[in-house]
Amino acid sequence: MQIALAELPLLRYHLRNEIAHMDQQGGGSRYIMGSGETFLEVQQRLLKEREIKIKNALVKLKKKRNLLRTRRKQREFPIVSVLGYTNSGKTTLIKALTGDEGLQPRDQLFSTLDVTAHAGLLPCHLAVIYVDTIGFLSQLPHNLIESFSATLEDVIHSDLLIHVRDVSHPETDNQRTSVLSVLNNLSLPQKLLDTMIEVHNKIDLIKCVRPKDKEVSAVSALFGNGIEGLKQQIETAVMISTGRTVMTINLELKSPQLSWLYKEASVQEVNVLPEEGTANVKVIITSSAYGKYKKLFCK
């Protein structure tokens, strides 16, 4: 819809040129029979109606996305946004991280034309949502900049950013500079920029695969090289950014505490003590969820 909206000025420009050409040819009446409107006026009215329709649809879509983000926040799902240049392998990487066979990456520009979300599990079995964003493009036309930036609004609400780079591309360094420039212009929290994970993808296509920066992950999303190490890095970063902690809680087996923890936290291990009728439960839990737990069960 953003692209269709940005296309309208170009359609109007071509329409005026077409009418001017028809006038020069001097062929036929310029009025539509019975309407009292010229052909140009009819076409301009139709384009205006289309513009209003698209803008109204975008408003509704924005409300729907805000609702989805609110629900994710209420469920406290960590949001990991994956971004980078078009054709850098973002979708392939998400497929490798989630095991989602439904994802079908394509070797073409703008194979992802909408922001999509995909559930995945970290090594600690914590559920996260990976957001697949639209690929960046160098020398983006001015009338598309606003449309492109609007697709990145989900990035602002992320807990972690992953910047995927195609290190086999001859312009990979310039692409990195361009991506960082756009992110800085989005007024993102500095903490989100500082904790961003840089991933060097497509190492199977180059000879030297060892990054200079120790914080950078070198992977081949297509063949799975380096993916397990990246998952561990994502897990560590998510735990810190979302304020989650690992703790062991002793609870009574007869109480509803265990079922509550399964619903509101990520249960890692349950060690049952049958003689005492209790269990030691190892969980990953947010500070807010633990506050709710204490309020409900620690009176």
*Please step through side chain to side chain donor-acceptor pair (under 3.5 Å) for the pair Y85 and E171, ending with a clear verdict.*
CA-CA 11 Å; Y85 252 67; E171 294 293 323; over 6 Å; no
Compare all side-chain heavy atoms of I206 with those of H200 and state whether any distance is below 4.5 angstrom. no
Quiz prompt | Side chains of N201 and V219 in contact at under 4.5 Å (non-hydrogen atoms) | solution = yes
Exceeds 12 heavy-atom contacts within 6.0 angstrom, atom NZ of K231:
yes
The side chain to side chain contact (heavy atoms under 4.5 Å, CB included) partners of I240 (sequence neighbours excluded) come to T236
CD1 of I156 to CG of L192, rounded to nearest 0.5 Å, is 9.5 Å
- Does CD belonging to Q232 count more than 12 external heavy atoms closer than 6.0 Å? yes
ask   = Does any N or O in the side chain of S178 come within less than 3.5 Å of the main-chain N or O of N174, such that one atom is a donor and the other an acceptor?
value = no
- Heavy-atom distance under 4.5 Å between the side chains of S287 and R244, does that happen here? no
Has E215 got a side-chain atom pairing as donor or acceptor with I197's backbone, closer than 3.5 angstrom? no
Residues passing the side chain to side chain contact (heavy atoms under 4.5 Å, CB included) test with R12, sequence neighbours excluded, are L8, R16, L47, K48, E51
Parallel, tilted or perpendicular, as decided by the 30° and 60° cut-offs, for the rings of W260 and F297 = perpendicular
Here the pair of heavy atoms bringing H163 nearest to M196 is CB-SD, 3.9 Å
Would you indicate whether the side-chain heavy atoms of V270 and V272 approach each other to under 4.5 Å?
yes
Check: Is any side-chain heavy atom of T133 less than 4.5 Å from a side-chain heavy atom of V155?
Finding: yes
Tightest non-hydrogen contact, residues C124 and E235, listed as N-OE1, 2.9 Å
The single option from V164, V82, V167 that satisfies side-chain contact (heavy atoms from CB on, under 4.5 Å) with S88 is V164
- Please assess T177 against Q175 for the test side chain to side chain donor-acceptor pair (under 3.5 Å), listing each intermediate value before the final yes or no. CA-CA 5 Å; T177 302; Q175 290 178 351; over 6 Å; no
Tracing side-chain contacts under 4.5 Å among Ile, Leu, Val, Met, Phe, Trp and Tyr outward from V216 reaches none
Heavy-atom side-chain proximity of L193 to Q190 below 4.5 angstrom
yes
ask   = Does T172 reach the main-chain N or O of H169 with its side chain, forming a donor-acceptor pair under 3.5 Å?
value = no
### Task
Report the C-alpha separation of K202 and D166 in whole Å, then their side-chain angles, then the decisive distance to 0.1 Å, and conclude whether the salt bridge (Lys or Arg N to Asp or Glu O under 4.0 Å) test is met.
CA-CA 6 Å; K202 303 189 182 182; D166 174 4; 3.4 Å; yes
One should read off an interatomic distance between M1 CE and K60 NZ, to the nearest 0.5 angstrom, of 10.5 Å
On a heavy-atom basis, the closest approach of A289 and E264 is CB-O, 4.1 Å
request  = Answer yes or no: is there a side-chain heavy-atom contact under 4.5 Å between L93 and I162?
outcome  = yes
dist M239:CE -> L126:CG (nearest 0.5 Å) comes out at 7.5 Å
To the nearest 0.5 Å, atom CG of D100 lies from atom OH of Y130 at 12.0 Å
Are R45 and E49 close enough, and set up right, to give a salt bridge (Lys or Arg N to Asp or Glu O under 4.0 Å), and what steps lead you there?
CA-CA 6 Å; R45 175 170 54 80; E49 289 173 357; 3.4 Å; yes
Interatomic distance, OG1@T286 vs NZ@K292, rounded to 0.5 Å, equals 7.5 Å
message: What I'd like to find out is whether the side chain of L251 reaches to under 4.5 Å of the side chain of L261, using heavy atoms alone.
response: yes
*asked:* Quick one, T91 with D132, criterion side chain to side chain donor-acceptor pair (under 3.5 Å). Give me CA distance, side-chain angles, the key distance, then yes/no.
replied: CA-CA 7 Å; T91 304; D132 192 0; 2.6 Å; yes
- Under 3.5 Å: donor-acceptor pair, side chain of E41, backbone of T38: yes
Between the CD1 atom in I249 and the OG1 atom in T278, the distance rounded to the nearest 0.5 Å is 13.0 Å
